[in-house]
Amino acid sequence: MLNIGCHLSSAKGFTNMGKEALSINANTFQFFTRNPRGAKAKQIDQQDIAGLCNILKQHRFAPLTAHAPYTLNPCSADPSIRQFALETMKDDLERMELLPHNYYNFHPGSHVKQGVEKGINLIADMLNKVLKPEQTTTVLLETMSGKGSEVGRSFEELKAILDKVDLSDKLGICLDTCHVYDGGYDIVNHLDAVLNEFDAIIGLEKLKAIHLNDSKNPYKSHKDRHEVIGGGYIGIEALVRIITHPKLCHLPFYLETPNELEGYAKEIAVLREKYNAVLC
Ligand code: FE
Ligand code: FE
Ligand code: ZN
């Protein structure tokens, strides 16, 4: 069965996200741990969490992904911004233990003129401070499109971060189809070659989740603008080859396409149908 969901707003609480996911035939979803611009997180309501846990168990959901705020920059040149990233992630990971055994995804950061090597070192430093041997959450580094001075634009950069982290068994990768295509990995014409490259550099066992997005911009554009499924330069055929690929089809897929709930429901229906036509 295809494990698919979309990004949902956490404004109405955890139980409601579970209900919303069910209403669009999703069996997983992604949400922001707090305002995407990084405000203070809301107090957690235990009963609300318990309501969601019931839904997850009853409907056998695939792992959820919590997304860190975009503003986190663990490799900023400004120590106070780095400190904010560290404290936010530490707090988020403590809260994630209320929803154990799920994923926490973050953008590695932007090195802004310090150079990629310095950026990689700072990101690994933060991870070495926040990861705990007892945590059940796997922290995912997201593949980036390489706009500006983003770190994580290549498999080599992500691998360099993993290699510098002591508890690297707590880490994995989330591949964003829009980002890698914009970043210069041709998943439309050479999917197998890209996966072989990922496997040789990082190891496919580290790939835990996929952000399934089309792209408003062509290959290698380094832009990062998501498009609805089938409406962009990647196209529906290539996206179906991704969800049905024998090395990927078991992963959870999260849509981050420009849609309201109704649009997500349609994309999920289409993708489930295409998946079942190939793999059932
Ligand atoms: Fe992201
Ligand atoms: Fe993404
Ligand atoms: Zn993006």
Side-chain angles (χ1 to χ4, degrees), residues 3-10 26 28-38 62-75 85 88-89 92-93 96 102-110 119 123 127 137-155 157-158 161 171-185 187 194 198 202 206-229 231-234 238-239 242-243 248 251-259 263-264 267-268 271:
N3 294 314
I4 191 164
C6 63
H7 189 94
L8 293 175
S9 160
S10 49
T28 180
F29 60 90
Q30 175 176 268
F31 61 97
F32 281 123
T33 54
R34 57 188 75 213
N35 178 300
R37 275 166 290 281
L64 308 182
T65 289
H67 198 303
Y70 293 140
T71 45
L72 285 203
N73 190 4
C75 60
T88 302
M89 193 177 287
D92 278 350
L93 288 176
M96 284 298 290
N102 288 299
Y103 297 135
Y104 178 80
N105 172 75
F106 78 108
H107 297 179
S110 294
I123 295 159
L127 290 167
T137 304
T138 301
V139 174
L140 306 182
L141 297 146
E142 182 167 352
T143 58
M144 302 312 290
S145 67
K147 71 172 164 0
S149 63
E150 277 174 348
V151 181
R153 64 176 70 201
S154 69
F155 300 157
E157 289 182 11
L158 295 166
I161 299 170
L171 293 177
I173 304 293
C174 173
L175 185 145
D176 186 309
T177 55
C178 168
H179 298 179
V180 294
Y181 190 62
D182 282 21
Y185 291 98
I187 51 172
V194 171
F198 188 103
I202 301 179
K206 280 291 188 194
L207 181 57
K208 305 294 184 190
I210 305 233
H211 285 165
L212 196 72
N213 302 307
D214 213 323
S215 176
K216 275 199 203 311
N217 293 289
Y219 175 59
K220 263 191 183 166
S221 58
H222 302 292
K223 284 274 188 6
D224 186 5
R225 303 238 0 249
H226 301 186
E227 184 51 283
V228 294
I229 300 300
Y233 280 88
I234 299 177
L239 292 167
I242 289 169
I243 61 175
L248 307 175
L251 294 171
F253 295 90
Y254 308 91
L255 299 162
E256 300 174 313
T257 47
N259 270 312
Y264 280 132
E267 289 187 341
I268 290 171
L271 291 166

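Just so you know, ligand 1 is whichever comes first in the structure, and atom 1 is the first atom listed for that ligand. The structure presented is a predicted model; accordingly, all values stated were derived computationally and were not measured.
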- Anything under 30° is parallel, anything over 60° is perpendicular, the rest tilted; go ahead and classify H67 against Y70.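 Aromatic pair H67/Y70 classed perpendicular.
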2.8 Å cut-off met by an N, O or S atom of [X] to the Fe ion (ligand 1):
X    : value
D176 : no
H211 : no
H67  : yes

Under a 3.5 Å threshold, yes or no: a donor from one side chain and an acceptor from the other, between [X] and [Y]?
X    : Y    : answer
H7   : E256 : no
T65  : N105 : no
H226 : D224 : yes

- Task: Give a yes or no on whether a salt bridge exists between E150 and K147, defined as a side-chain N under 4.0 angstrom from a carboxylate O.
- Result: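 A salt bridge is present here (some side-chain N lies under 4.0 Å from a carboxylate O).
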- Query: So which of the N, O or S atoms of E256 lies nearest the Fe ion (ligand 2)?
  - Reply: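 E256's closest N, O or S atom to the Fe ion (ligand 2) is named OE1.
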- Item | Contact check, side chains of P252 and Y103, non-hydrogen atoms, under 4.5 Å |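 Side chain of P252 against side chain of Y103, heavy atoms only: contact under 4.5 Å found.
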- Minimum-distance N/O/S atom that E142 presents toward the Fe ion (ligand 1):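 Output for this pair reads OE1.
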- Rounded distance (nearest 0.5 Å) linking atom CG of D92 with atom OG1 of T137: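 Between D92 CG and T137 OG1, I get 10.0 Å after rounding to 0.5 Å.
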- Query: Distance from Y185 atom OH to S154 atom OG, nearest 0.5 Å?
  - Reply: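 The OG atom of S154 is 5.0 Å from OH of Y185, to the nearest 0.5 Å.
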- Message: the Fe ion (ligand 2) and C174: any N/O/S contact shorter than 2.8 Å?
- Response: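 Short answer: no, not a single N, O or S atom is under the cut-off.
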- Close to the Zn ion (ligand 3), meaning under 2.8 Å, how many protein N, O or S atoms are there?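 Those protein atoms number 3 in total.
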- Message: Please enumerate all residues that pass ring-ring contact (aromatic ring centres under 6.0 Å, His included) together with H211, with sequence neighbours excluded.
- Response: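 None.
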